[in-house]
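Report on one structure; see the data block that follows.
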Amino acid sequence: RNTQQNITVSFINDGGVDENTWRVDNSNIVENMVEFTRPNGEMYHGQKEIVAFSSNTVKPEYITATSSNPSVAKVVAVTAEGIEIEALAPGEATISAGIQGGSSTQCNIYVKELKIVPNNSSVTLYNHFYEEIGYTISPAWAADDFTVEISSSSDGLKCGYDRVDNRVIP
């Protein structure tokens, strides 16, 4: 990693050519650089994710990260691996990361709403009869931490939940 060093050169003897001829080897100096692995990304409302760097030559404390729309996707943390962001609402935001005096990079994040889609477009319910209402949660990984609740404008409709994933028994 690049670090600035202050050096003091002092000469012993009379300062002849042999004593004061020196050079700096800069063959290993690397330009300060940060770059995301992708230009675009997709997330779902409530999801946290690290937008990874494909290249990073500096410590996280030297990287500045911002969101163009923090109400949609906010910057949570800067790490050596990338920028951790949280999707707060459906919409679009550009995550920017940069190094003062060095490179910068951007990733457009598209935040989608979680969806619950019933298996049947309509269900007819009769008094004292039970009907399973199947549904699909999109994306599938969200089903692990998702609770489905059915409400009705009628006081006569009560719902009970069985222990089978993705089914509700009214």
Side-chain angles (χ1 to χ4, degrees), residues 1-10 21-121 133-152 159 161-168:
R1 303 220 183 236
N2 297 336
T3 20
Q4 181 176 342
Q5 301 290 330
N6 294 321
I7 58 172
T8 303
V9 178
S10 58
T21 303
W22 55 282
R23 71 180 185 89
V24 174
D25 178 7
N26 63 0
S27 62
N28 292 324
I29 295 177
V30 178
E31 179 185 346
N32 287 341
M33 184 174 165
V34 63
E35 187 176 342
F36 286 131
T37 57
R38 60 186 182 187
N40 299 302
E42 189 175 277
M43 294 177 68
Y44 286 88
H45 180 204
Q47 183 181 6
K48 281 188 179 180
E49 180 178 310
I50 291 182
V51 180
F53 294 132
S54 60
S55 179
N56 177 15
T57 60
V58 299
K59 294 179 181 178
E61 55 264 26
Y62 299 114
I63 299 172
T64 302
T66 59
S67 171
S68 66
N69 194 346
S71 62
V72 170
K74 77 173 183 177
V75 173
V76 176
V78 178
T79 70
E81 292 77 33
I83 307 299
E84 183 181 356
I85 57 175
E86 182 177 5
L88 300 176
E92 187 176 330
T94 300
I95 305 300
S96 301
I99 304 165
Q100 184 176 2
S103 68
S104 63
T105 185
Q106 293 183 330
C107 181
N108 297 312
I109 299 295
Y110 304 97
V111 178
K112 293 182 165 187
E113 187 69 53
L114 292 171
K115 292 183 181 178
I116 300 175
V117 180
N119 293 350
N120 298 321
S121 59
I133 302 172
Y135 59 88
T136 303
I137 296 176
S138 176
W141 58 261
D144 295 338
D145 297 323
F146 208 85
T147 302
V148 175
E149 203 171 293
I150 295 179
S151 60
S152 170
C159 296
Y161 299 92
D162 67 3
R163 295 192 178 269
V164 179
D165 289 341
N166 296 358
R167 284 193 281 174
V168 177

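Val51 approaches Arg38 most closely through the heavy-atom pair CG2-NH2, 4.1 Å. Among all heavy-atom pairs drawn from Gly41 and Cys107, the shortest one is N-SG, 4.0 Å. When all heavy atoms are compared, the tightest approach of Ser67 to Ala73 is OG-O, 2.5 Å. In terms of heavy-atom proximity, His45 sits nearest to Leu114 at O-CD1, 4.0 Å. For the residue pair Met43 and Ile109, the shortest heavy atom distance occurs at SD-CG2, 3.8 Å.
Checked by atom type and distance alone, the side chain of Ser103 pairs as donor or acceptor with a backbone atom of Val34 at under 3.5 Å. Panel note: side chain Ser55, backbone Glu35; no donor-acceptor pair is recorded below 3.5 Å.
Within 6.0 Å of OH in Tyr62 there are 12 or fewer heavy atoms belonging to other residues, nucleotides or ligands. The local environment of CD in Gln100 is sparse, with at most 12 non-hydrogen atoms from other residues, nucleotides or ligands closer than 6.0 Å.
Note that the CD atom of Glu49 and the CD atom of Glu42 stand 10.0 Å from one another [nearest 0.5 Å]. In this structure, NZ in Lys74 is found 15.0 Å from OG1 in Thr66, a value given to the nearest 0.5 Å. Rounding to the nearest 0.5 Å gives a distance of 9.0 Å between OG of Ser104 and CD1 of Ile99. To the nearest 0.5 angstrom, Ile63 atom CD1 is 4.0 Å from Phe53 atom CZ. Here the OG1 atom belonging to Thr105 is positioned 11.5 Å from the CD1 atom belonging to Ile95, to the nearest 0.5 angstrom.
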Tell me which donor-acceptor pairs under 3.5 Å the side chains of residues 83-92 have, and how far apart each pair is, sequence neighbours excluded?
none

